[in-house]
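This report concerns only the one structure given below.
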Amino acid sequence: MASAIISGIKNSVIAQNFTIFGSEVNEQIAKSASDRLGIDVFFDNKALVKASDIIIIATKPNSVVNVIDEIKDYLNPEKLVVSIAAGVSTEKIGNIIPNNHVIRVMPNTPALVNLGMFGICKGVNATDKDIQLIENILSILGKCIIIDESQIDIVTAISGSGPAFFYQVIENIARAGEKLGLDYDKSLILATQTALGSAQMVFERGDKTVQTLIDNVATKGGCTFVGISEMKSQQSDKLFYDVIQKTTSKANELGKN
């Protein structure tokens with residue numbers, strides 16, 4: 001995810017406004033990342049913090065507290081700290097660095113193809129100006145919404161975990177086509193392009209509801225109507241509610257650890 005953010009900024013119109021550094025404690029990996037991304041990569045977190053105004057914490061969640069504790073003495077109050085680690089609250093970070101502005105972001109992997117989704121919330125001491133800055137940067141990689149931190153577990157379930165759910169749906173549809181006699185690769189292209197086009201039509205629906213889009217395809221008595229009726233009889237709405245509800249609960253549970 002850090003690589004996606006770095007690459008997105010470097011390839012954007014705002015690249016000239018930023019000097020980007022990275023940090024990796026393994027010197028060999030740091031050298032490899034530097035060559036791959038075209039930036040200076042330190043193998044000392046403290047050196048990175050000294051050189052930076054915005055620090056993005058992109059470690060595994062169980063490493064966040066240790067990293068923050070390591071760099072806390074080098075964080076003056078003017079430095080903005082942004083965490084993209086799942087399950088780590090701004091309160092937990094703020095307990096270690098109470099004088100810094102802290103923002104929390106829930107990204108997702110489609111940022112790798114500039115179609116990411118980012119939920120952004122204001123944490124300790126953060127201002128509206130801080131939020132606007134981060135939104136402007138991350139919008140290069142997709143879309144952003146501003147949320148309250150109390151809602152971030154829902155965002156984690158819908159967009160953070162969501163790519164895997166959509167992959168599963170696409171795979172299931174493609175495999176259904178295969179079982180009915182269509183070549184799998186062709187079936188996968190059909191399912192994938194249809195998902196992509198349908199998502200774009202939702203964004204461009206104007207004042208139409210999603211239900212209207214469904215009704216426009218599912219003419220009563222037609223083949224699509226039969227398919228939608230089968231989804232309803234199988235309670236697809238309950239299935240997806242349960243998926244999101246259970247994922248949200250798990251995200252909440254992880255955040256308490």
Side-chain angles (χ1 to χ4, degrees), residues 1-6 8-9 14 17-25 42 44-109 111 116-161 248 251-257:
M1 190 54 64
S3 294
I5 293 172
I6 291 167
I9 295 172
I14 68 168
N17 299 331
F18 296 92
T19 301
I20 305 172
F21 303 112
S23 179
E24 165 56 54
V25 293
F42 301 101
D44 178 351
N45 290 332
K46 296 184 286 294
L48 173 80
V49 171
K50 289 178 183 178
S52 306
D53 298 312
I54 303 171
I55 296 92
I56 298 179
I57 307 297
T59 65
K60 295 292 185 183
N62 58 4
S63 298
V64 170
V65 170
N66 289 338
V67 169
I68 297 290
D69 196 57
E70 176 190 357
I71 65 177
K72 64 183 180 182
D73 293 336
Y74 301 86
L75 286 167
N76 63 51
E78 286 72 42
K79 294 182 185 289
L80 176 60
V81 177
V82 180
S83 172
I84 64 172
V88 183
S89 68
T90 57
E91 180 182 8
K92 181 177 287 189
I93 295 172
N95 287 338
I96 306 171
I97 48 170
N99 297 320
N100 283 93
H101 295 201
V102 178
I103 286 175
R104 185 175 171 191
V105 175
M106 173 48 61
N108 71 3
T109 53
M117 184 69 238
F118 301 89
I120 306 173
C121 59
K122 186 189 298 184
V124 181
N125 301 323
T127 65
D128 290 340
K129 185 177 179 181
D130 296 329
I131 289 285
Q132 186 64 58
L133 172 62
I134 298 305
E135 183 179 12
N136 288 344
I137 294 172
L138 295 180
S139 291
I140 298 164
L141 299 170
K143 296 185 181 296
C144 300
I145 60 169
I146 309 302
I147 57 167
D148 186 271
E149 191 167 7
S150 64
Q151 302 169 316
I152 201 162
D153 292 333
I154 308 172
V155 174
T156 299
I158 294 175
S159 62
S161 300
T248 300
N252 184 262
E253 177 187 324
L254 291 174
K256 293 177 180 178
N257 293 336

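Keep in mind that the numbers below use all heavy atoms, side chains included, and drop hydrogens, waters and symmetry copies.
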- For Glu91, does the CD atom sit with more than 12 other heavy atoms under 6.0 Å from it, leaving out its own atoms? no
- Message: Counting neighbours of CG on Asp128 that are heavy atoms of other residues, nucleotides or ligands and sit closer than 6.0 Å, is the number greater than 12?
- Response: no
When rounded to the nearest 0.5 angstrom, what is the spacing between [atom1] in [X] and [atom2] in [Y]?
| X | Y | atom1 | atom2 | value |
| --- | --- | --- | --- | --- |
| Ser139 | Ile120 | OG | CD1 | 6.5 Å |
| Ile154 | Asn252 | CD1 | CG | 10.0 Å |
| Ile137 | Ile5 | CD1 | CD1 | 9.5 Å |
| Lys129 | Ile131 | NZ | CD1 | 14.0 Å |
| Asn108 | Lys143 | CG | NZ | 12.5 Å |
| Leu141 | Met1 | CG | CE | 9.0 Å |

- Task: Apply the test side-chain contact (heavy atoms from CB on, under 4.5 Å) to residues Lys122 and Thr90: give CA-CA distance (whole Å), side-chain angles for both, the deciding distance (0.1 Å), then the verdict.
- Result: CA-CA 8 Å; Lys122 186 189 298 184; Thr90 57; over 6 Å; no
- Query: Does any non-hydrogen side-chain atom of Leu133 lie less than 4.5 Å from one of Ile103?
  - Reply: no
Determine the minimum heavy-atom distance between [X] and [Y], stating which atoms define it.
| X | Y | result |
| --- | --- | --- |
| Ile14 | Phe18 | O-CD1, 3.4 Å |
| Ala47 | Phe42 | CB-CD2, 4.0 Å |
| Ala111 | Phe118 | CB-CZ, 3.8 Å |
| Ala85 | Arg104 | O-NE, 4.2 Å |
| Cys121 | Ile147 | CB-O, 3.2 Å |
| Thr156 | Ala251 | CG2-CB, 4.0 Å |

- Query: Does the side-chain contact (heavy atoms from CB on, under 4.5 Å) test come out yes or no for Ile57 and Ile93, once each step is laid out?
  - Reply: CA-CA 11 Å; Ile57 307 297; Ile93 295 172; 5.9 Å; no
Looking only at atom types and distance, does a side-chain atom of [X] sit under 3.5 Å from a main-chain N or O of [Y], one as donor and one as acceptor?
| X | Y | value |
| --- | --- | --- |
| Asn100 | Val102 | no |
| Asn125 | Pro98 | yes |
| Asn136 | Gln132 | yes |

- Query: Who passes side-chain contact (heavy atoms from CB on, under 4.5 Å) against Val65, sequence neighbours left out?
  - Reply: Lys92, Ile96
- Item | Candidates Asp44, Thr59, Asn45 - the one meeting side chain to side chain donor-acceptor pair (under 3.5 Å) with Ser23 | Asn45
All N/O donor-acceptor pairs, side-chain side in residues 74-82, below 3.5 Å, sequence neighbours left out:
{"unit_1": "Asn76", "atom_1": "OD1", "unit_2": "Glu78", "atom_2": "N", "d": "2.9"}
{"unit_1": "Asn76", "atom_1": "OD1", "unit_2": "Lys79", "atom_2": "N", "d": "3.3"}
{"unit_1": "Lys79", "atom_1": "NZ", "unit_2": "Val49", "atom_2": "O", "d": "2.9"}
{"unit_1": "Lys79", "atom_1": "NZ", "unit_2": "Ser52", "atom_2": "O", "d": "2.5"}

- Task: With sequence neighbours left out, write down each residue that passes side-chain hydrogen bond (donor to acceptor under 3.5 Å, both in side chains) with Lys72, or none if nothing qualifies.
- Result: Asp69
